[in-house]
Amino acid sequence: MDKYYLTTAIAYTSGTPHIGNSYEIVMADAVARFKRQQGRAVFFQTGTDEHGQKIEEKAAAAGISPKEFVDGVAKTIQDICDSLNISYDKFIRTTDDYHEKQVQKIFKKLYEQGDIYKGAYEGMYCTPCESFWTESQLAEGKCPDCGREVQPAKEEAYFFKMNKYADRLIEHINTHPEFIQPVSRKNEMMNNFLLPGLQDLCVSRTSFKWGIPVDFDNNHVVYVWLDALTNYITGVGYDADGNSSEQYKKLWPADLHLIGKDIVRFHTIYWPIFLMALGEPLPKQVFGHPWLLQGGEKMSKSRGNVIYAEDLIGLFGVDAVRYFVLHEMPYDNDGTITWDLVIERFNSDLANILGNLVNRTISMSNKYFGGIVESTGVIEEVDADLKAVVTGARDKVAEKMEALKMADAVGEVLALFRRCNKYIDETEPWVLAKDEATLPRLKEVMYNLTESICIGANLLSSFMPETSEKILAQLNSEARAFESLAQFGLYENGTRVTEKPEILFARKDTAEIMEKVEAIQAAQRAEYERENGIVEAEEEAVVDIPVKPEISYEDFDKLQFRVGKIIKCEEVPKSKKLLCSQVKIGSEVRQIVSGIKQHYSAEEMVGKKVMVLTNLKPATLAGVLSEGMLLCAEDAEGNLALLTPEKEMPAGAEIC
RNA sequence: GGCGAGAUGGCUCAACUGGCUAGAGCGUCCGGUUCAUACCCGGGAGGUUGCGAGUUCAAGUCUCGCUCUCGCUACCA
């Protein structure tokens, strides 16, 4: 049997993922189920990424060991998977012992063959991002990725020779257009990283302990990405010593890595290069899916607008949630999720078109024929189109699935059900029921409907497995082989359908749902406030940042701050963030460049008296000389406010 | 600033290598129907496909310029 190995990214266990993260696993599950239905020997792996400094710190804050911490989160994540009815074959955790062992072996192997070498890393380190930055890369002395504080750090470290494999990778990408999907992502990788030339990647850390130790050099732990990415091979039995399992030999290379667009870089540059170094073939395809955004905004707990899978499932049920994320997600642009949209989709597609169709059909069978469904062969012209649509659906769905166009695929199934509703209108069963002479025709109509719904339910099984089963159960039928889904008339003659059809999707009242949503959001904000130690009485927000090491008075005394008056200010050309100010300090005028264009216009800067660090070493920014630094306060959102003296003070006054 | 993607009726999105009066769904309006979860079916209105040129027998689709949005990336004293 033709194998199909697909994976999702493994979830980082630093917190509970929201529905935006859950999209990926639902999509992967739909693909896995569909391939299985098509007869492929599917292996579907997902899991959790459990190492790193961030987790070490979160655990410390919670007063438990890192392992205890990740055990808890991994459990939550696995529960979410299960509640979404995810049919994974393997749930790997990077703290699993076989994984850790292999990562050590892989590291050693790469070191021994010279791809990894020992060097030293010096620079500023951002803990949450686990990234080193050079001074010049910093954003106002902060991490350019997340904007948080960085600490100076120097470590002995191991580096991977990326460039050694760059040409081969470029060649591979160029000759395999399907490798990176969608194409816009491929362009980004080529233009921003590969073509300008890769830098050697630091693949070890000494600044924290919660990682897989480098076994021949105990001060070091393996870089999280090298640790995480290799899950795709260790999970199926890869062995760096050449004793890989039969399963590995059968499954690798993976057919599809399904990941978020934010980590395309790791999967299409670092990962292939690691594999090349190991002498293993590259995965066939990496698909960087877009995000699901809450009404165009990012989800955040403080706004109380995070939508969790759990809440959605509670309100609408698993399959409705699955349907929604699959239906609403476009191919390469970000999708939108709002409560209104979910309710609308639920009512119109699931309750009205699908649920009601099943319900009315079964009701009629019971009403007219005591639930017995029978083909009488009294065919009419209108039947042909129904049958054509129904039997043609399978291949249409398959085609869309092949291209990973989830929304279109699920749309094809819905189109089948729409066609059934139309068929009822065309044949008017209630009219046929009035005349004894047309009863055979009525039987045929009911049979056609039942059979159509059966095929539709079969095609639905990848997307909405529970609903698919429920429908088939109500029709007293069973799942069919994929091959026969393009064939009409396999519903067994004389079958009795259920007497009392259960409502599949009860219509939701918008006001009622929104009331519950309000409650959920209020609870979320309350939880956020509790977690962040915000007292209810305190209206004002506060900002907490990592505390820097204590300094001596002498250290402080080295700095000189003075009041400066901005007498002229203009935008720095070719720059998004920079303003260039002429600042009067005493009788001197200095030129200072600041990254505050997004917060202050050049005009409003003029005339302000501001706090200036005057003895900072001059530097050139975007080609413009800057002799000092304007001091600003920054809130959690990154908004800046210049510091000005609280009473009128002359330009040049010392701040001490 | 560099690179890339996108801009289509009120909303969410389609339209393969340029080819018939630019399509769906939702919403809206009108009509039909009653088996069913106030549901279903049909029909109408609604788009100079961001703006301006050009190539072509033919352009949403190709070329150039402009505006705006987004992504990646650089700069961020």
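Owing to the predicted nature of the structure, the values given are computational and were not obtained by experimental measurement. Each chain gets a letter, A, B and so on, in the order the sequences are listed, and its residues count up from 1.
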[atom1] spacing across the pair [N] / [M], given as an integer number of angstrom:
N	M	atom1	answer
rA7(B)	rC13(B)	P	11 Å
rG60(B)	rG9(B)	P	15 Å
rG10(B)	rC51(B)	P	14 Å
rU8(B)	rU55(B)	C1'	23 Å
rA5(B)	rA14(B)	P	16 Å
rG19(B)	rA58(B)	C1'	7 Å
rC72(B)	rU28(B)	C1'	41 Å
rC40(B)	rG46(B)	P	26 Å

With a cut-off of 3.5 Å and sequence neighbours excluded, list every side-chain donor-acceptor pair involving residues 393-402 of chain A.
from, atom 1, to, atom 2, distance (Å)
Arg394(A), NH1, Phe482(A), O, 3.1
Arg394(A), NH1, Glu483(A), O, 3.0
Glu402(A), OE1, Lys35(A), NZ, 3.3

Quiz item: What does Leu504(A) touch in the nucleic acid at a heavy-atom separation under 4.0 angstrom: a base, only the sugar-phosphate, or nothing?
Solution: base
Practice problem: Report which part of the nucleic acid Val593(A) touches: base, sugar-phosphate, or nothing (heavy-atom distance under 4.0 Å, all strands). | Solution: sugar-phosphate
Self-check item: Given RNA chain B, 5'-ward residue of the pair Tyr423(A) and Ala506(A), judged by closest heavy atom
Solution: Ala506(A)
Practice problem: Tell me, please, which residues at least two apart from Thr376(A) pass side-chain contact (heavy atoms from CB on, under 4.5 Å). | Solution: Val378(A), Pro440(A), Lys443(A), Glu444(A)
According to ring pair (Phe, Tyr, Trp, His ring centres under 6.0 Å), who are the partners of [X], at least two apart in sequence or on a separate chain?
X	result
Phe561(A)	none
Tyr323(A)	His327(A)
Tyr368(A)	none
Phe179(A)	His172(A)

Exercise. Give a yes/no answer on whether the side chain of Lys422(A) brings an N or O atom under 4.0 Å of OP1 or OP2 in rC40(B).
Key: no
Once you round it to whole Å, what is the distance between [atom2] of [N] and [atom1] of [X]?
X	N	atom1	atom2	answer
Ile362(A)	rU37(B)	CD1	C1'	13 Å
Phe417(A)	rA24(B)	CZ	P	21 Å
Asn347(A)	rG25(B)	CG	P	18 Å
Ile180(A)	rG71(B)	CD1	C1'	15 Å
Phe266(A)	rC72(B)	CZ	C1'	13 Å
Leu354(A)	rC40(B)	CG	P	11 Å
Ile343(A)	rC11(B)	CD1	C1'	15 Å
Asp408(A)	rG23(B)	CG	P	18 Å

Self-check item: Closest approach of Leu630(A) to Ser581(A) (non-hydrogen atoms, all atoms of both residues)
Solution: CD1-OG, 4.3 Å
Exercise. First locate atom CG of Leu449(A), then atom CD1 of Ile424(A), and finally report the distance between them rounded to the nearest 0.5 Å.
Key: 4.5 Å
Quiz item: Considering residues at least two apart in sequence or located in another chain, which fulfil the side chain to side chain donor-acceptor pair (under 3.5 Å) criterion with Gln582(A)?
Solution: Gln591(A)
Quiz item: What orientation do His257(A) and His267(A) show, parallel under 30°, tilted 30 to 60°, or perpendicular over 60°?
Solution: perpendicular
Quiz item: RNA chain B in dot-bracket, Watson-Crick or G-U pairs under 3.5 Å, [ ] crossing, | other strand?
Solution: (((((((..((((.....[...)))).(((((.......))))).....(((((..]....))))))))))))....
Practice problem: Assign a letter to each nucleotide of nucleotides 26-36 of chain B from its 5' end: B, base within under 4.0 Å of a protein heavy atom; S, sugar-phosphate only; -, no contact. | Solution: S-----BSSBB
